[in-house]
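Quick notes on the structure that follows.
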Amino acid sequence: MFLFITIMFFIFRLMPGNPIGLILEQYNLTPEAAQRLIHLWGLDKPVWQQYLIYIKNLLKGDMGISYVYNAPVSSVIFSRKLLNTLALLISAHGMALLIGMILGVWAAWRRGTPIDIGTLVTALVLYTIPVFWLGLMLLMMFAVHVHWFPLSGTITPARSYKDILQYIGDYLWHLTLPMISITLIRLGGDFLIMRNTMINVVREDYITTAIAKGLPEKIVVWKHAARNALLPIVTMAGLDMAFVVSGAVLTETVFGWDGIGKLTYEAAINRDYPVLQGLFFILVVVVLLANFLTDLMYAYLDPRVRY
Amino acid sequence: MGLRFNTKIIAASIIMTVFIVSMFAALGGALRASAAAKPLKLKFTVMMPSYDPVRIRAGELLADYASKIGIKIIPKPVDFNYEIGKVQDQHDFDLYILGWSGKNMPMYISEFIRSSEDRPGGYNIEGVHNATLDKLADELDSAIDFKQQQQIIWKIQEILADLVPWIGIYTRYLTQVWSVDWTGFHKEYWGYASPMTWRTVHKKGQTGGTFTVILADDLKSENVYLQKSIYESMVWSALYDTLVYLNDSYMPRPWLAYKYEHSADGKVWTFYLVHNATFHDGTPITAEDVKFSFDIIKKNNIPSFSRIAQYYDHAEVVDKYTIKVYLKKAYAWFLFDLASMPIIPEHVWKNVPWNATKPPKVGSGPFMWAKRVEGEYVELVKYPHYWRSDMPKVDKLVFRIITNFNSALLAMQAGEADFYVYYIPTSAVNTVKNNPKLHLNLQAGFTFYYLGFNLRRPPLDDVWLRRAIAYLVPKEQVVEGPLNGLGKPCTWYISPYFDGYNDPNVPKKYPWIGSIQPQLDKAKEMLAKSDKYTYKDIDNDGILEAIPKAHTTTTTTTTTTSTTTTTSTTPPAPGTSTVTVTKTVTSTSTVVSTTTATTTVKKGMPSSQVAAAIILIIIFLIAGIWIARRK
C-alpha cells in the first residue's frame, strides 16, 4: 500500500502540464500572481521534499488542500458527491447482479433453446454498447421527447420540499435513468459469467444425482446448481464493488450526476494533485477491504473454505 | 520457509538496474548526438489541443500546404495541459496552435511581448526579444489617454506584423442560446454573459418569474475572491455590483459610481457613488466600503484580481459618497479591471478571512443569495431595494449546473433552461438553429486562435521563414470547413472588435498577415529573400535544408573539405566530423564547405559521450556475466 501511494504520487507529478495551466488561459493572471500561487501550493520545492511533506501529513490523517476547491481534500471527497456516487453505483450494480444472475441461471438451464440464444445475443449487444451513447439515447427518448424523466442533476433545481419523503422521491426520480443505463451496461457481463459457470455446474454428477432422486426442478436449479455456480461471480462482484467508489465518469457526465467520477476527471484535467492522491488512496483502501469481504463470503458459500 | 537474503541476487539486480539505466542514457546521448549533427532541416512539429477538431484540422491543412514547398510540418494533437507544459513551461516546441484571447486584446498585449516574460511559465512563449517592444509595452500600460494608447498600440501592431512571432488563424463567434420567450440580453463578454443581462432580462411583455441559466461548471467555493473560472464570475456578477460596467462595445461606463475623474498624470482617480445604494442587509454602500473592497485585494494580493493588487496604492475617503483612489503608477486599463471588482460590505467582511470557503454572502447587486446545492444549482432571488428601482426584472435567477454541452443543449430543447452561454460544437449549431423555440445569437468576438513560432529554435529565428509559413496558413479554409462558417479569418494582432485600437493598415502593408488563403509562390519568394539562410534541398529528400549565410566563406580550411570528399562515398564513422548529407553533395563546392563548417562546430562533445556510454555498457555487461556465472 505504501508502495502504491508512492507510485501514485510520482505518476501524477510526471504528467506534463501544471496546475496553473488552465487558470492561465481563462484568467489573465499577472506573472507575479502565478508565481505566488506556485509557491503557495509548495510546487516550487523539489519533488522529494513535496513527497516527504505529503507522507508526513498523510500519517497525520491530513490529505492536503485542493488547489481548485481551496478546501481540505477530505471535505471535497466525503461530501454529497460520494453519497451520490454510492447511491447510483450500488443500486445499479446490485440490480445488474441480481438480474444477470437470475437470467444467467435460467438461460444455462434452458441451454440451446431460442430463449437462451436470444438472451445471449442481447447480453453481448449490451456488453458492447458505449455507455455515453446509451445514456444520450435514453435522455432523448425519456427526457426530451416524452418528459417522463428529468434531464440532469440529482434533484429538481430550486424546488422546495414539504418533507423528506418528497425529497427522496425527487432524488429517486432523477436516479432512474442513470441507474438504468449502468444496469444495462453491467448486465451483459454479469449474465455471461453466470451462464458460463452454470453450464459447467449443470454437467456435474451431483446434479444428475439430484435429478435422478426425483427432486423438483426448482430445487435442483436454485439450491444445488445455482449456489455452486456463485463463486466466480461473487469474486467479480467484490472487485467491482471496490470500484464503486471511483465512480462512473461517462455516465455521471452525461446525466449531470454530481459524483466522484466527475470529480476524478476534473481533478485530472486541472492537475489537482491533492484530490487525485486522496481519491486513489481511498480507492486502495476500499479495494483491500473488498478483497477481505470477498474472502469472508467464500467461507459462507463454500464450506470447504475455512479460516 | 522464509526468504533468505541472497547478496548475490541483490548485487546482480542492482547492477542490472544500473546497466539498463545507462543503456537508456547512452541511447539518449547517441540520439541527441545524431540530431545535433544534422543540418537544419525544415522539419517541424505543430502541437494543438486534441479536444478541438477545428484546431487539429487547421494544423493538418497547414502541413499539407507546407509540404508543397518543401517544408515538412508534422501535426501532433496532444492533451491540452501537456501542450501548455511543453509550450509555456519548457519552451520545448517548434510550432503550436492555441486559443488565447488576451493575445489580441489591447489591455493584455503588453504581457506577451516583454522580453522579461521569456522565462519558464512566462507569457512570452515565442521568445520575442525586441527593445522597442519592451519600451512600448511599458508606455502602453501607463498611457491613460485614448489617443496616446492608440498611437502606441498601432506601433506595436506594425512591429509584430513585421516580426511575425505568431500569426492569427481564426476568431470564433461567441455563441449564446436563449429561449425565444425572453428578451433584454446583452452582448457576451469573453466566454460568459454580460453582468447587465441579469439586470435587464425579462420575459417578453411581462416582469417577474424565474430565469434559469445553464452554468457549465459548479462553483468551487462560495467566495467571490476564490473564483476559479469564468462561469463562477457569472454568478458573482449578479450578486455584487461594481463601480463601472462595460457596455456593448466593451467601453467602461459609470454604474455604482455615477461619475468619475482622474488627475492629469493618471495616478489619482475620484469616484462619486450613487446615494441610494444599499447592501442586501439594508446598510448603505459608502466610500468606506469601496475603500475596504480595494484594501482587501491589495492586503491579501488576491490572485483573481492581481492587476488591481499590483497597481492600487491606497484610497482616501473624501466624504460618505466620494472616494479618491491613488495608484502606484498610471495604469491604462484601470477601469476595465474595476468592471469586475466586487463592492463588498466592510462590516460583514472585516472579521472574515478573505479566503474562507463559505463567507456570509451579503452582496451589493440586484440579486440576493438564496440557496445552493453543491453540484446541482445556485438560486438567487431579487433584491427588492436595489438602487435601480427598475432592475432586476425577474424574481428569481437560477443557475443550473450542467457540465456536458450535449446535455445542456438537450435541456434547452426540453425547455428546462432559458439561457446558455458556452461552447457550442459546430455540429450542434444546426439543431439549435432549426428549433423554433430557441434563438442562437452569434456575435463576432475577440477569441483568438493562432499559430506560434519558437524563435529560439533555428531556423525559426529567421523572419523570412516565418513570413513564408504565414503565407501558408489556410485561414479561410479553416473557417469555412471545420468551423462551419462560425467565425472569421484573423488578419490582425489586435482585435478589430475594440473600436480604434486595431490598426487597419496592417493587412495591406504586411501582406503575409493579410493573406487568408495559402499562396505558395509568395511563400517561396519569402524564402528566397532570406538574408540569414539559404533554403535548398541538398539531399534530395523533398525537404529543404537551411544553410546559414553568415558562415559561408569564412572559416573552412582545405583540410576539412578534403576529408569531406574522401569520406563522401562511405558512411562516416562516428566521431569524425562529416555527416551523411555530404554523401549526395557533388555539384557546388560552396554548399559542401558550408555544411562542413556548420557541423564541425558541433561534433566533439557528443562523440565523447557516445564513447563513454559504450565503455560503460561493456563494463556492466562483463560484470553482469561474471555474476551470473558465479551463481
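The sequence lines fix the lettering, A, B, ..., with proteins before strands; numbering per chain opens at 1.
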Test your reading of the model: is there a side-chain donor-acceptor pair from B/Ser407 to the backbone of A/Val254, 3.5 Å cut-off? yes
Choice from B/Ala309, B/Ala411, B/Ala408, B/Ser116 maximising heavy atom contacts with chain A below 4.5 Å: B/Ala411
Step by step, would you call B/Asp217 with A/Glu266 a side chain to side chain contact (heavy atoms under 4.5 Å, CB included)? CA-CA 10 Å; B/Asp217 201 358; A/Glu266 199 182 73; 3.6 Å; yes
Please enumerate all residues that pass side-chain hydrogen bond (donor to acceptor under 3.5 Å, both in side chains) together with B/Asp395, with sequence neighbours excluded. none
Could you name the residues of residues 166-179 of chain A that have a heavy atom within less than 4.5 Å of a heavy atom in chain B? none
Greatest number of heavy atom pairs closer than 4.5 Å to chain B - which of A/Leu139, A/Thr156, A/Leu136, A/Thr154: A/Thr154
Taking 4.5 Å as the heavy-atom cut-off, does anything in residues 72-81 of chain A contact chain B, and if so which residues? A/Ser79, A/Arg80, A/Lys81
Hey, is OH on A/Tyr51 packed in by over 12 heavy atoms from elsewhere, all under 6.0 Å? yes
Using heavy-atom distances under 4.5 Å, tell me whether B/Glu416 contacts chain A through its side chain, its backbone, both, or neither. side chain
Count the heavy atoms of every other residue, nucleotide or ligand shown that sit under 6.0 Å from CE of A/Met141, and state whether that count exceeds 12. yes
Hey, is CZ on A/Phe132 packed in by over 12 heavy atoms from elsewhere, all under 6.0 Å? no
Using heavy-atom distances under 4.5 Å, tell me whether B/Asn223 contacts chain A through its side chain, its backbone, both, or neither. neither
Largest heavy-atom contact set with chain A, pairs under 4.5 Å, which of B/Val398, B/Val373, B/Thr210: B/Val373
Please determine, among B/Arg400, B/Lys396, B/Glu376, B/Glu379, the option with the most heavy-atom pairs under 4.5 Å with chain A. B/Glu376
Could you list the residues that satisfy side-chain hydrogen bond (donor to acceptor under 3.5 Å, both in side chains) with B/Tyr331, not counting sequence neighbours? B/Asp337
Validation row: B/Tyr377, A/Ile155 side chains within 4.5 angstrom (heavy atoms): yes
I need the minimum non-hydrogen distance between A/Ala143 and B/Ala414, along with the two atoms involved. O-CB, 4.1 Å
Count the heavy-atom pairs under 4.5 Å between each of A/Ala71, A/Gly256, A/Ser152 and chain B, then report the option with the highest count. A/Ser152
How long is the gap from CG on B/Leu219 to OH on A/Tyr69, to the nearest 0.5 Å? 10.0 Å
